[in-house]
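Because the structure is predicted, anything quoted here is derived from the model rather than measured. Numbering of ligands and ligand atoms starts at 1, following listing order. The first residue of the sequence shown is numbered 1, and numbering continues consecutively from there.
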Amino acid sequence: MKPMGPIPPAFVSEEGMLLIGGCGAASLVDEAGDTPLFVYDMDIVAAQARHWRAAMPDALDLHYAIKANPYGPLLTRMTDLVDGFDIASGGELQMALDAGMAPDRISFAGPGKRDDELSAAIFAGVTINLESEGEGRRALAIAEKLGKTPRLAVRVNPDFELKGSGMRMGGGAKPFGVDAERAAGLARDIIAGGADWRGWHIFAGSQTLDPLAIIEAQAATIGLAARLSDAVGATPPLVNLGGGFGLAYFPGDVPLEISQIGEALDKALESRPDSLKESRFAMELGRWLVGESGVYLTRVIDVKTSQGETFVVVDGGLHHQLAASGNFGTVVRRNYPIAVANRFGAAPADDAVTVVGCLCTPIDRLGDRVALPPVQPGDLIAIFLAGAYGASASPAAFLGHPSPRELLLG
Ligand SMILES: Cc1ncc(COP(=O)(O)O)c(C=O)c1O
């Protein structure tokens with residue numbers, strides 16, 4: 001038997017049925033029409049945003065990285081909960097605008113922006129976080145053709161790492177941003193080229209559960225932003241401090257305690273260097289805001305044995321929920337929290353089972369030798385922490401199965 005990650009406390013049982021947002025999992029599947037289904041509970045997202053605002057200094061804005069979950073109805077609701085969206089493509093630009101986010105509250109990061117994407121972003125008036133000097137030159141040339149003043153910030157590849165992060169996005173040779181020692185030069189060039197310089201974007205990493213590592217990285221980020229601004233000789237309107245808040249997906253993970261991060265940041269911002277006195281600050285979060293809100297529901301098609309091991313075969317799989325199969329940013333495969341939704345809270349059977357998806361590949365494992373109550377065809381399996389990097393971060397076209405359904409509650 002292998003352990004699984006902790007089920008978020010918001011999920012409870014009523015007469016053996018998993019409740020999501022107060023509704024039974026089986027009736028949600030009926031409402032959506034079929035499995036596989038992602039259900040997102042907006043109340044959980046709103047509670048996370050409230051928790052963040054209560055813990056963080058007032059001077060700090062909250063941005064949502066929509067890559068974590070760009071489901072249209074959820075994005076629309078997010079426009080009221082956060083101060084800005086971070087996007088990573090022309091497609092996400094359209095989603096952000098369709099959701100009703102004001103263009104001057106959208107920032108566009110990501111390497112390899114095509115000319116048509118830069119053009120759409122400049123035309124719409126969103127801030128582009130430049131990833132290279134070449135991208136800066138292209139943005140200025142496109143803006144001139146459009147007769148627009150582009151809003152440009154510089155994404156900095158910091159000269160430090162976010163320790164303990166699941167995905168390192170800064171420190172060392174990276175395809176993201178401009179190395180710290182060249183960032184001030186790029187800012188000076190774009191100011192000289194007539195851009196509206198919006199400041200710095202410094203995103204060191206993602207999925208950290210160590211508050212001290214985040215505190216250390218934020219202090220280093222403020223120090224770096226101050227040094228770079230001194231070198232430019234101008235005050236950055238915005239310093240985006242990145243994010244990195246992680247979720248407890250796996251056995252032994254301890255949920256991130258954010259109040260001490262807020263207290264440390266409050267002090268760090270109070271005593272910030274003069275060159276940043278007039279700047280605003282933002283944090284950019286994806287998974288921490290939306291991850292816990294989501295449950296992936298998939299129906300058991302078959303239960304079979306092979307050489308003494310029981311396999312529970314479901315109608316979903318890694319084509320919808322790649323992360324739970326251990327193939328999205330993890331080195332070692334570990335079990336996400338998983339349960340039988342229609343026997344939620346029941347005692348586990350004596351023998352562990354392996355829950356596999358319907359794809360004909362050995363990597364389509366959603367639960368590896370997990371302890372579940374007895375399972376039969378027709379049962380509903382729930383995989384938790386499915387609100388981030390689920391439907392939009394999985395290879396849905398692989399093997400031609402239907403796309404998952406999605407439902408927003410609350
Ligand atoms: C630039 C940028 N912003 C935000 C995020 C969101 O990270 P997370 O969902 O872990 O908060 C990422 C993740 O890769 C990113 O690259």
Report task. Could you pull out the closest heavy-atom pair between Ala32 and Leu407, with the gap in Å? Result ->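 In terms of heavy atoms, the two residues are closest at CB-CD2, 4.4 Å.
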Report summary line: Between Arg280 and Asp58, the two heavy atoms sitting closest are NH2-O, 4.0 Å
Residue [X] vicinity, atoms of ligand 1 by number, heavy atom under 4.0 Å:
X: Leu285; answer: 11 (O)
X: Ala65; answer: 4 (C), 5 (C), 6 (C)
X: Ser206; answer: 7 (O), 8 (P), 10 (O)
X: Asp86; answer: 3 (N)

Query - Options Met283, Glu131, Gln207, Glu284, ranked by nearest heavy atom to atom 1 (C) of ligand 1, top entry - result: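 Among Met283, Glu131, Gln207, Glu284, the closest heavy atom to atom 1 (C) of ligand 1 comes from Glu284.
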Query raised in the report: If hydrogens are left out, which of His63, His201, Lys67 has an atom nearest to atom 13 (C) of ligand 1, that is, the closest non-hydrogen atom?
Result: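 Result: the heavy atom closest to atom 13 (C) of ligand 1 is in Lys67.
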Query raised in the report: Strictly under 4.0 Å, does any heavy atom of Tyr389 approach an atom of ligand 1?
Result: yes
Report task. Please confirm whether Phe203 comes under 4.0 Å of ligand 1, counting heavy atoms of the residue only. Result -> yes
Query raised in the report: Hey, does the Lys NZ or Arg CZ of Lys67 hover above the aromatic six-ring of Tyr389, less than 6.0 Å from the centre and inside 45° of the axis?
Result: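 No, a cation-pi geometry is absent between Lys67 and Tyr389.
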Requested in this report: Just say parallel, tilted or perpendicular for the rings of Tyr296 and His320, cut-offs at 30° and 60°.
Outcome: perpendicular
Requested in this report: Indicate the ring-plane relationship of Tyr336 and Phe250, choosing parallel, tilted or perpendicular according to the 30° and 60° boundaries.
Outcome: perpendicular
Query raised in the report: Is Asp368 salt-bridged to Arg365, going by a charged N under 4.0 Å from an acidic O?
Result: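 Arg365 and Asp368: salt-bridged.
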Requested in this report: Verify the distance criterion only: is there a donor paired with an acceptor across the side chains of Thr149 and Asp196 at less than 3.5 Å?
Outcome: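 Their side chains do not contain a donor-acceptor pair, so the 3.5 Å distance test is not met.
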Query raised in the report: Do ligand 1 and Gly286 have nitrogen or oxygen atoms that lie under 3.5 Å from each other?
Result: yes
